[in-house]
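Here's the structure, in structure tokens; my notes come after.
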Amino acid sequence: MYLDRDQMLVVLNALPDPVFVLTESGLYAGLFGHADLNYYHDGHDLVGCSIQTILPAEVVDWIMEHIQEALNQNGLIKVEYPLSAQQVKGLENQAGPDGMIWFEGHIQPFPQLINGERAVIWVARNVTPRKLLEEQLLEASQTDPLTHAANRRRLLEVMQVHFGAFRRYRHPVAMIMFDIDHFKHLNDRFGHLTGDKVLRCLSDICRQELRENDLLARFGGEEFIIVLPSTTAEQAVQTAERIRNSITTGIAREMGEAMQVTVSLGVSELLDSDTSHEQVIQRVDEAMYSAKQAGRNRVVRYSLAE
């Protein structure tokens, strides 16, 4: 004995993930499944509507492109995409998860024409927990766990990208390297836990002084590097001076006047003669040590004469 039509609908609507039938022109011809409202919104009212009338134009273009790809290949394709109920007209007030949802879509041709049109079956699976975990793991792999600044690996990746853009477009990129003066003495006097607190406080102060597209990275120990895109060395010197003053006053304010912390900073920028991003790192390192040799608690811009 085979299942009848009504029984088949019961089975289809019990599926945990939504199954859309979309025509080549973008019509919602059918929707089944997505029984768990903790993961999906109830979109059955979409059937009979066109995606052009309920979704943003950029989302419509993307969906139509992948419908055509599945039809042209006459086979299964897989995609990942974010979508929220707020982007779908008619779902704004429906029960379901809040915020952006990440989906894994499985798209394959429907075996029959629907109202004379080719169509696809589009199964959308909620993979938001996995995407959030991936983002957390990526963040952890690129971040210093103590200061929450970027780590050395992330710094070198970003510098490689900036160097490539600099070689092509000659947009200026400056760099600042600094470390804490007499940090070993600070650790010996106050203990390593206090030293760690100083590093965290210093990192927070720097972030407050930087732009959104600037990068603060912990280079190692008490050494930090700041990458300043669209910035000349002359402009970076002004930023470095501001940071130097903010660190001294900010740490004293946060940790007490007895905590006198100063930093020495070196500044340079990418040069037309550079063949790799390592060269600007070498220059700011030399400039920082020149600042230490000149008495510490100061900014030194690298000079080609050095």
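Count residues from 1 along the sequence.
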Side-chain heavy atoms of [X] within contact of [Y], under 4.5 Å:
X	Y	answer
Val120	Gln108	no
Val198	Leu186	yes
Thr194	Met259	yes
Pro172	Leu270	no
Ile225	Phe219	yes
Glu157	Val161	no
Ser264	Asn297	no
Arg207	His148	yes

Any chance you could lay out the side chain to side chain contact (heavy atoms under 4.5 Å, CB included) test for Met177 and Leu265, step after step, and finish with the verdict? CA-CA 6 Å; Met177 176 183 278; Leu265 307 94; over 6 Å; no
Would you say that more than 12 heavy atoms from the other residues, nucleotides or ligands in this model lie under 6.0 Å from the CG of Leu137, or not? yes
Count the heavy atoms belonging to other residues, nucleotides or ligands that lie under 6.0 Å from CG of Asn72, then report whether that count exceeds 12. yes
I need the single residue from Arg167, Arg283, Arg170 that forms a salt bridge (Lys or Arg N to Asp or Glu O under 4.0 Å) with Asp274. Which is it? Arg283
With salt bridge (Lys or Arg N to Asp or Glu O under 4.0 Å) as the test, pick out the partner of Asp179 among Arg218, Arg244, Lys292. Lys292
Side chain to side chain contact (heavy atoms under 4.5 Å, CB included) evaluation trace for Val284 with Met288: CA-CA 6 Å; Val284 290; Met288 182 186 71; over 6 Å; no
Quick one: closest heavy-atom pair of [X] and [Y], and the distance?
X	Y	answer
Tyr302	Ala287	N-CB, 3.9 Å
Tyr28	Ile51	CE1-CG2, 3.4 Å
Ala236	Ile176	O-CD1, 3.7 Å
Trp122	Gly105	NE1-CA, 4.0 Å
Glu80	Trp102	C-CZ3, 4.2 Å
Gly195	Asn187	CA-OD1, 3.3 Å

Are [X] and [Y] linked by a side-chain donor-acceptor pair shorter than 3.5 Å?
X	Y	value
Ser246	Gln208	no
Glu234	Thr232	no
His106	Glu104	yes
Gln282	Glu278	no
Thr231	Gln235	no

Quick one, Thr143 with Asn151, criterion side-chain hydrogen bond (donor to acceptor under 3.5 Å, both in side chains). Give me CA distance, side-chain angles, the key distance, then yes/no. CA-CA 5 Å; Thr143 304; Asn151 60 17; over 6 Å; no
For the aromatic rings, using the six-membered ring if either is Trp, is the centroid distance between Trp62 and Tyr81 under 6.0 Å? yes
Could you tell me whether a side-chain N or O of [X] sits under 3.5 Å from a main-chain N or O of [Y], the two making a donor and an acceptor?
X	Y	answer
Ser203	Thr147	yes
Gln142	Glu139	no
Glu269	Ala233	yes
Thr248	Val261	yes

Rounded to the nearest 0.5 Å, how far does [atom2] of [Y] lie from [atom1] of [X]?
X	Y	atom1	atom2	answer
His66	Leu71	NE2	CG	12.5 Å
Leu22	Ile107	CG	CD1	9.0 Å
Leu228	Leu210	CG	CG	6.5 Å
Arg296	Thr262	CZ	OG1	8.0 Å
Ile180	Ile251	CD1	CD1	6.0 Å
Glu209	Asn245	CD	CG	9.5 Å

Output yes when Asp188 and Lys184 qualify as a salt bridge under the 4.0 Å nitrogen-oxygen rule, no when they do not. yes
Where do Ser290 and Glu286 land on the side-chain hydrogen bond (donor to acceptor under 3.5 Å, both in side chains) test, with the steps shown first? CA-CA 6 Å; Ser290 294; Glu286 293 177 14; over 6 Å; no
Determine, stepwise, if the pair Ile205 / Cys201 fulfils side chain to side chain contact (heavy atoms under 4.5 Å, CB included). CA-CA 6 Å; Ile205 291 168; Cys201 187; 3.9 Å; yes
Which residues satisfy the salt bridge (charged side-chain N to carboxylate O under 4.0 Å, His left out) test with Arg253, sequence neighbours excluded? none
Not counting sequence neighbours, which residues clear ring pair (Phe, Tyr, Trp, His ring centres under 6.0 Å) with His185? List them please. His182
For His171, enumerate each residue passing the ring pair (Phe, Tyr, Trp, His ring centres under 6.0 Å) test, keeping only those at least two apart in sequence or located in another chain. Tyr169
Is there a path from [X] to [Y] through hydrophobic residues (I, L, V, M, F, W, Y) whose side chains come within less than 4.5 Å of each other?
X	Y	result
Phe20	Val47	yes
Ile101	Val79	yes
Phe178	Tyr289	no
Ile77	Val59	yes
Ile226	Val300	no

Lys/Arg cation over aromatic Phe166: Arg168, 6.0 Å, 45° cone: no
Residue pair Lys131, Glu135: steps toward the salt bridge (Lys or Arg N to Asp or Glu O under 4.0 Å) verdict: CA-CA 6 Å; Lys131 291 295 292 187; Glu135 290 174 2; 6.0 Å; no
Starting from the C-alpha separation in whole Å, work towards a yes-or-no answer on side-chain hydrogen bond (donor to acceptor under 3.5 Å, both in side chains) for Ser25 and Glu117. CA-CA 8 Å; Ser25 66; Glu117 282 193 87; 2.8 Å; yes
Are Arg118 and Leu113 close enough, and set up right, to give a side chain to side chain contact (heavy atoms under 4.5 Å, CB included), and what steps lead you there? CA-CA 5 Å; Arg118 294 188 299 174; Leu113 295 179; 3.8 Å; yes
